[in-house]
Amino acid sequence: MVIVATAISDKGLKRDGNEDQYLIDESLGLYVVCDGMGGHAAGEVAAERAIEFASGHLSKNRDLIHSAGESPDGVFRVLKVVEEAVQQASQGLNQLARATPDYAGMGTTLTLLVVVEDKGVMAHVGDSRLYLFRQTEVHQLSSDHTLANELFLSGDLTQEEASNSRYRHVLTRSIGPHEFVDVDTLLFDLIPGDRLLLCSDGLSNYFENTSCVAGFMSEPDIITQPDKLVEFAKQSGGADNITAIVVEVQGDATDHPAADVQKKIECLQSLFLCKKLSVRRLMHLASITNTIQCAAGKELISMDAGVPGLHVVLDGRFRVIDDDLIEGELGPGDYFGEASLLTVVRSSASLVAIEPSRVLVISRKEFGKLTRRLPRLGNVMLRNLGKRLAKQIIKQQTRPLNLDDTGPME
């Protein structure tokens, strides 16, 4: 894949200076937007130094980033290094503010993207944003760390109330006020044709919805997109500094079929575990799944074998065999091993591929890590899992145990 990027930063119509800063470092596949805050030009310093601290840490780990594709866990190691880079930025700014009275209280947002192989790695603090434009649809991959958004997520405000709230610009997280900060991270697939927009809130404040973003991101020439976005923000009021980086993934889709990535997302969307999950949250889950390919006649699971996690049939068909008797079949979208996300489970039947097939596997170990790292996402998935297991228990209490649409392994 080839990555092409273009960017612009403008002070807007009502600010004397520009406290936004951005960085494009093609040698690292690194793209960063920061929106600084603080008096005596401290906001500009905060944004500039945060980028310096974060990019410096990533530069020290250049070899690890470039070799990520050589090991199965390489990209996850990059994810850890990216989070460390943001912590380095917060620690560095905090120490600078304490040592320099004019910089007391300074801070900045930070939204960072690293492209590694065919993956995107995001780290995010504050209310700058990262959008993904894919196949005519736009998804906001970052979540605003504002008091209004926190109140919306907790159910205290509706989406409309949060959008108009006086708390919509009150940050709950930023780089600098504290040595350490809670960093949102995301690992997601990239496919040819994807476009990404990193921007400060001087632009995103004027987006009424994602359809507005799609209108700009769908234009054929990305070179002119940042200029058009800045002009849009100015025509809408231009009350703040405006920064936009547009990143495009170019390449041959046959080398990384878009349909295959989309199929994986759609498979998870239809799964009981993912009910009420946004695409952004689905991407978190997709990042920990493994795909197993099975030739016709291959036994995927044998009777009494341990089930390492939840299995979802992506494509193909499997025969369910219990004591040499064929009990049924599983096809695309069918799943088994729900309880194994919580505890050790042994299979009560064997599964054999009828034709070439693929299965998505969510392991208990990785599921546990994800739910601990992202408790809000974990709460939704665990609630969905609890409801599914409760339904199974009720069915078992009211009729003889047999194969039903929930699969044979529980």
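Worth knowing before you read on, the calculation uses all heavy atoms, side chains too, and leaves out hydrogens, waters and symmetry mates.
In plain terms, the two heavy atoms of A89 and F53 that are nearest each other are CA-CB, 3.6 Å. Smallest separation of non-hydrogen atoms from E219 and Q225: O-NE2, 3.1 Å. Of all non-hydrogen atoms in K263 and L314, the two that sit nearest each other are CE-O, 3.5 Å. Contact detail for I242 and G12: the closest heavy-atom pair is CD1-CA, 4.0 Å. Nearest heavy atom pair, residue L110 against residue V86, reads CD2-CG2, 4.0 Å. For P177 against G107, the heavy-atom pair with the smallest separation is CD-CA, 4.3 Å.
At least one donor-acceptor pair under 3.5 Å links the side chain of Y206 to the backbone N or O of G238. Between the side chain of T343 and the backbone N or O of S340 there is no donor-acceptor pair closer than 3.5 Å. S90 places a side-chain N or O within donor-acceptor distance of the main-chain N or O of H178, the cut-off being under 3.5 Å. Judged by distance alone, with hydrogens and angles left aside, the side-chain atoms of D189 form no donor-acceptor pair with the main-chain N or O of K119 at under 3.5 Å. Between the side chain of H124 and the backbone N or O of G126 there is at least one donor-acceptor pair closer than 3.5 Å. A distance-only check finds no donor-acceptor pair linking the side chain of T6 to the backbone of V246 [under 3.5 Å]. Formation of a donor-acceptor pair under 3.5 Å by the N94 side chain with backbone atoms of A97 is not found in this model. One N or O on the side chain of N241 and one on the backbone of E19 form a donor-acceptor pair closer than 3.5 Å. The main-chain N or O of G215 is found under 3.5 Å from a side-chain atom of S218 such that the two form a donor-acceptor pair.
Rounding to the nearest 0.5 Å gives a distance of 7.0 Å between CZ of F367 and CG of L342. Expressed to the nearest 0.5 Å, how far NZ of K387 lies from CG of L389 amounts to 13.0 Å. Atom CD1 of I245 and atom CD1 of I8 lie 12.0 Å apart (nearest 0.5 Å). Distance CD/E338 to CG/L385: 7.5 Å, rounded to 0.5 Å. Within the model, atoms CD of E231 and OG of S236 stand 9.5 Å from one another, a figure rounded to the nearest 0.5 Å. To the nearest 0.5 Å, atom CD of residue Q235 and atom NZ of residue K228 are 12.0 Å apart.
Using a 4.5 Å heavy-atom cutoff, the side chains of R280 and M283 are not in contact. Here the side chains of Q87 and V181 are in contact, with some heavy-atom distance below 4.5 Å. In this structure, I3 and Y31 have side chains that are in contact, with non-hydrogen atoms separated by less than 4.5 Å. Looking only at side-chain heavy atoms (C-beta outward), C294 and F318 come within less than 4.5 Å of each other. When side chains are defined from C-beta on, R62 counts as touching S27, because their heavy atoms get closer than 4.5 Å. L23 is listed as a side-chain neighbour of S55, based on a closest heavy-atom distance under 4.5 Å. Using a 4.5 Å cut-off on side-chain heavy atoms (C-beta onward), V170 and T146 make no contact. Residues K276 and N384 fail the side-chain proximity criterion, which asks for heavy atoms closer than 4.5 Å.
When only modelled atom types and interatomic distance are considered, R383 and N379 share no side-chain donor-acceptor pair under 3.5 Å. Residues S143 and N149 have side chains that bring a donor and an acceptor to within less than 3.5 angstrom of each other. In summary, the side chains of D182 and H145 do not present any donor paired with an acceptor at a separation below 3.5 Å, with no hydrogens or angles considered.
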Going through the checks in order, is the side chain to side chain contact (heavy atoms under 4.5 Å, CB included) test met by L351 and H311? CA-CA 11 Å; L351 261 69; H311 292 58; over 6 Å; no
Check the pair R49 / T108 against side chain to side chain donor-acceptor pair (under 3.5 Å), numbers first and verdict last. CA-CA 10 Å; R49 295 304 297 274; T108 182; over 6 Å; no
Audit row: V81, V114, side chain to side chain contact (heavy atoms under 4.5 Å, CB included) steps and yes/no: CA-CA 11 Å; V81 168; V114 175; over 6 Å; no
Go through it in stages, so that I can follow the logic: the residues are L197 and L229, the test is side chain to side chain contact (heavy atoms under 4.5 Å, CB included), and I'd like the CA-CA distance, side-chain angles, deciding distance and then a yes or no. CA-CA 10 Å; L197 170 64; L229 287 164; 3.9 Å; yes
When you look at E150 and R376, which way does the salt bridge (Lys or Arg N to Asp or Glu O under 4.0 Å) test go after all the steps? CA-CA 12 Å; E150 295 290 339; R376 281 180 175 153; 2.6 Å; yes
What do the steps show when you test D240 against S200 for side chain to side chain contact (heavy atoms under 4.5 Å, CB included), and what is the final call? CA-CA 9 Å; D240 201 352; S200 62; over 6 Å; no
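Surrounding CD of E26 are at most 12 heavy atoms belonging to other residues, nucleotides or ligands under 6.0 Å away.
Remark: of the listed residues D20, D35, N18, D201, D20 is the sole one forming a side-chain hydrogen bond (donor to acceptor under 3.5 Å, both in side chains) with T243.
The residues D304 and R346 are annotated as not salt-bridged, no charged nitrogen and carboxylate oxygen being separated by less than 4.0 angstrom.
In this structure, F232 has its ring center under 6.0 Å from that of F207.
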